[in-house]
Amino acid sequence: MKMSQLFSRTLREAPAGAESKGYEYLLRAGYIRQLGAGIFSTLPLGLRTVRKIEQIIRTQMEEIGGQEIQMPVVNPAEIWKETGRYYSIDKELSRFEDRTGRDMVLAMTHEEAVTDLARNEIDSYRRLPSLVYQIQTKWRDDPRPRAGLIRVREFTMKDSYSFDKDWEGLQKQYEAHYEAYFKIFGMCGLPVISVGSDSGMMGGKVAHEYMYLSPIGEDTIITCPSCGLTANRQVATCRKTYFPEDLREIEEVHTPETRTIDELTAYLGIAATKTAKAVFMMGTYVDEQEQEYEDLIVAVIRGDLDVEEAKLQNAAGANRLRPAHEQEIRAAGMLPGYGSPIGSSARRVIVDDSVAKSNNLVAGANKEGYHLINTNFDRDYTGTVADITSAVEGSICPECGSPLTSSKGIEVGNIFQLGTRYSESMGCYFQAEDGTRAPVIMGSYGIGVGRLLACLAEETSSDSGLNLPITVAPYQVHLVSLVKDSALPDQLYADMQAQGIEVLYDERKASAGVKFNDADLIGIPIRITLGNRGLKENSAEVRAGHGQESSMVVLDELITTVKEIIASHITHIHDTMVVERL
RNA sequence: CGGGCUGUGGCGCAGUGGUAGCGCGCUUGGUUCGGGAUCAAGAAGCCGGCGGUUCGAAUCCGCCCAGCCCGACCA
């Protein structure tokens, strides 16, 4: 490609709002442009990279038996009603009507569509196991898109779906993905870790997320430096200390101006571990008639701990959670600041095991300025016991007892064991060997392509621009010509292309500084400079990689040398790739 | 959805009541030619939209729209 013909151009200054380095360079180098909030166009340079990422993904998916398909972005709402997600997902799912008034949705993922396919194609165990995948656009009307390509509304995702006759089969396909994902990210040059995760709106049981660790990440990852246990904070567990005692008589005490745990413990001169605090949320549920309704949830947890909302949502079986308003809490007979389920009409009470297994805790009396001492779960109130504690930096590892650490990460991929969540609700059954009918057991596996590019830009950028690895860089070689009145650069460009080398050729009438700076921004791995200096000695200047010293290579050996350098880049990627197995 | 900020040539910005400017980029020509050269001459903006106040509005007021940031939210 000749630079003079390249559709995009470089920007000397960073557009306002380009907060992170990776995002800034993707814009400035001309890989992407923003069209609206969370909506981006991909320009030629960016698209070449995206295509390379996609090809890496395809290779690995085919490797584990995947067959590529494509499903529509627009779905009839019907199938989303069948699984109930039409009702359980909030405005993030965009709905509209077609001209005849039929309900339609923009697919935010394709479990429904693929299950519809599967229920028609798969009728016998003989057709299992099976694996399909697609690389397709998704639309999610995120309430707050941000951070360039990290959190967008329209994006490209590789999503694959596995079908099996039994759980062993699913486990096998799950493990195949687990490993293939490390190869994919490894080939792209992005360091990731896998963490145990919440299955969230996808339903299902086992799930892993692939995280690129970065301070700009929005997910919190809890890690044990000692035994290696890692999990998304949404599901991370920690070892808790309990304080069982002989039960004492419940008693009301006057505790003025003690609306917080800090104020309460200071006033009473006790430890936070001796208190039980109540957290009030409104959960969204769907009734038999598929009507949404909200219900108050009271979460009771020991004062020294905090509630992890994702855990609470799962324990309470709610589709969504939001903080409750004061009137809603009062309506159930409780008082914020002095609240507890004791004596209330709350129907959904989730009690953390820290509270259930400790005794004689101080709790709210639902009366302004009063608390109850010596309250005990089961004796004074009941509820569902669950682990709803948020593991934090310094919490104790449940496996080995060491202190946990916390870090930030960006989710670039995930794998879910869906089980029969979709096959059952949509009637995707097969006939087994013994003649019985059983729901197909499914898995779903995603990789955000654009987000992967954003993370790569973040990870590999230098102070002067992008620096994508050769496996995904838009071109392998950047040929910078600084000579005039010579047919040699054109000839060299043609020769390299003929040899299958991907070349970006800067033949513009611009000063050397402009060309070098643009080359730095675009960040093609190998740079060849043709200048009068070198041509006198019949040689060109070759820089084998970002930040490396350049060396003079005689023209006769140039193409061979370049090919060697390309090969060594690829070898390096392979050698440094870390592939984990489940 | 709450809180904050910003919308002025392609990009980055200045302009707090008198009719729009700077840097970069762009066009033409000259001189340069290995790290964002230089000289000269140009082109390009209903100042986000609508309404109001005023003799007069980019500037003041109201409403709306869009984008960004923090939070809520989020596979």
Side-chain angles (χ1 to χ4, degrees), chain A residues 8-20 23-24 27-28 30 33-40 85 88-93 107-111 138 140-148 150-153 155 157 159 197-204 207-211 216-220 232 234-235 281-282 284 309-310 313 319-323 325 410-416 418 421 444-448 451 464-465 480-485 506 508-521 527-536 540-541 543 550:
Chain A
S8 59
R9 59 168 169 180
T10 55
L11 305 176
R12 190 172 286 203
E13 285 176 285
E19 300 270 313
S20 72
Y23 181 30
E24 176 187 332
L27 286 168
R28 287 183 55 200
R33 290 289 182 256
Q34 181 169 19
L35 180 60
I39 307 176
F40 287 84
R85 290 209 292 182
S88 64
I89 298 173
D90 205 9
K91 289 183 182 158
E92 204 182 353
L93 176 67
M108 47 197 291
T109 173
H110 283 84
E111 279 76 15
K138 309 278 190 246
R140 292 183 192 176
D141 198 357
D142 193 294
R144 193 185 154 204
R146 68 187 101 169
I150 304 281
R151 241 188 63 209
V152 293
R153 295 193 292 172
F155 58 100
M157 178 173 171
D159 44 328
S197 78
D198 183 32
S199 53
M201 78 169 186
M202 308 298 300
H208 283 88
E209 287 168 344
Y210 290 75
M211 293 285 183
I216 68 168
E218 297 184 310
D219 283 293
T220 303
N232 192 309
Q234 293 179 327
V235 293
M281 306 293 289
M282 293 300 285
T284 303
E309 277 190 33
Q313 182 173 331
N319 287 330
R320 288 194 291 282
L321 288 184
R322 65 164 174 88
H325 298 131
I410 300 165
E411 180 191 350
V412 288
N414 57 34
I415 54 178
F416 290 105
L418 294 175
R421 156 89 176 81
S444 108
Y445 317 83
I447 291 177
R451 190 179 272 190
S464 54
V480 179
S481 167
L482 303 177
V483 297
K484 297 181 308 292
D485 306 323
D506 195 346
R508 296 175 298 175
K509 291 188 191 102
S511 72
V514 169
K515 294 185 177 187
F516 285 134
N517 277 291
D518 279 351
D520 286 342
L521 255 186
R527 185 181 306 172
I528 301 175
T529 309
L530 291 173
N532 288 320
R533 275 193 237 156
L535 288 192
K536 276 183 208 154
E541 186 180 310
R543 200 193 62 179
S550 37

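Here is the naming used below: chain letters follow the sequence lines, and residue numbers restart at 1 for every chain. Quick caveat, the model's predicted, so the values are computed rather than measured.
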Handout entry: A:Arg33 side chain vs A:Leu27 backbone, donor-acceptor pair below 3.5 Å
Key = yes
Exercise for the section: Would you indicate what A:Ala147 reaches in the nucleic acid, counting non-hydrogen atoms under 4.0 angstrom: base, sugar-phosphate, or nothing? Expected result: sugar-phosphate
Exercise for the section: To the nearest 0.5 Å, tell me how far A:Asp159 CG sits from A:Phe416 CZ. Expected result: 12.0 Å
Handout entry: Sugar-phosphate, base or nothing in reach of A:Pro15, heavy atoms under 4.0 Å
Key = sugar-phosphate
Problem - Ion pair A:Arg153/A:Asp141, N-O distance below 4.0 Å - result: yes
Practice task
Provide the distance between the two P atoms, one in B:G35 and one in B:C69, to the nearest whole Å.
Solution key: 37 Å
Problem - B:G36 versus B:C26 - spacing of their P atoms, nearest Å - result: 16 Å
Completion exercise
When rounded to the nearest 0.5 Å, the distance separating OH of A:Tyr445 from CG of A:Asn414 is 11.0 Å
Completion exercise
Across all chains, not counting sequence neighbours, the side-chain contact (heavy atoms from CB on, under 4.5 Å) partners of A:Pro143 are none
Practice task
Report the distance from atom CG of A:Leu27 to atom P of B:G67, rounded to the nearest whole Å.
Solution key: 15 Å
Problem - For atom CG of A:Leu321 and atom C1' of B:C74, their distance in whole Å - result: 13 Å
Completion exercise
Taken to the nearest whole Å, CD/A:Glu19 to P/B:U6 is 15 Å
Exercise for the section: Output yes when a side-chain donor or acceptor of A:Arg28 lies under 3.5 Å from a complementary backbone atom of A:Leu11, and no otherwise. Expected result: yes
Problem - Nearest-nucleotide comparison on RNA chain B, the residue closer to the 5′ end among A:Glu218 and A:Ile39 - result: A:Ile39
Problem - Identity of whatever pairs with B:A40 - Watson-Crick or G-U, under 3.5 angstrom - result: B:U28
Fill in the blank from the handout: Under a 3.5 Å limit on both distances, the Watson-Crick or wobble mate of B:C46 is none
Fill in the blank from the handout: Between CD of A:Glu24 and C1' of B:C11 the distance, given in whole Å, is 13 Å
Exercise for the section: Could you tell me whether A:Gly36 contacts a base, only the sugar-phosphate backbone, or nothing, with contacts defined as non-hydrogen atoms closer than 4.0 Å? Expected result: sugar-phosphate
Completion exercise
Separation of B:A72 atom P from A:Glu309 atom CD, nearest Å, is 8 Å
Handout entry: Base-pairing mate for B:A66 - Watson-Crick or G-U, with both contacts under 3.5 Å
Key = B:U6
Problem - C1' gap between B:C60 and B:G17, integer Å - result: 8 Å
Problem - SB check A:Arg421 A:Glu111 (cutoff 4.0 Å) - result: no
Fill in the blank from the handout: A:Arg151 atom CZ is separated from B:A72 atom P, nearest whole Å, by 10 Å
Handout entry: Distance, P atom - from B:G9 to B:A14, rounded to whole angstrom
Key = 13 Å
Problem - Gap in Å between the two P atoms, one belonging to B:G45 and one to B:G3, rounded - result: 38 Å
Problem - Span that lies between the P atom of B:U27 and that of B:A44, in whole angstrom - result: 15 Å
Exercise for the section: Give a yes/no answer on whether the side chain of A:Gln234 brings an N or O atom under 4.0 Å of OP1 or OP2 in B:C74. Expected result: no
Exercise for the section: Taking the side chain as every heavy atom from C-beta outward, state whether A:Met157 and A:Arg451 have any atom pair closer than 4.5 Å. Expected result: no
Problem - Rounded distance in Å - CD (A:Gln34) to C1' (B:C68) - result: 9 Å
Completion exercise
The contact string for nucleotides 23-37 of chain B, one letter per nucleotide 5' to 3', using protein heavy atoms under 4.0 Å with B, S and - for base, sugar-phosphate only and none, comes out as BSS-------BBBBS
Exercise for the section: Please work out if A:Phe155 contacts a base, only the sugar-phosphate, or nothing of the nucleic acid, heavy-atom cut-off 4.0 Å. Expected result: base
Problem - Distance, P atom - from B:C70 to B:G34, rounded to whole angstrom - result: 44 Å
Handout entry: Side-chain N,O (A:Arg144) to OP1/OP2 (B:G2) below 4.0 Å
Key = no
Problem - Gap in Å between the two C1' atoms, one belonging to B:G21 and one to B:A58, rounded - result: 12 Å
Problem - Interatomic distance, A:Leu535 atom CG to A:Leu530 atom CG [nearest 0.5 angstrom] - result: 5.5 Å
Handout entry: Integer-rounded Å distance: B:C1 P and A:Arg146 CZ
Key = 16 Å
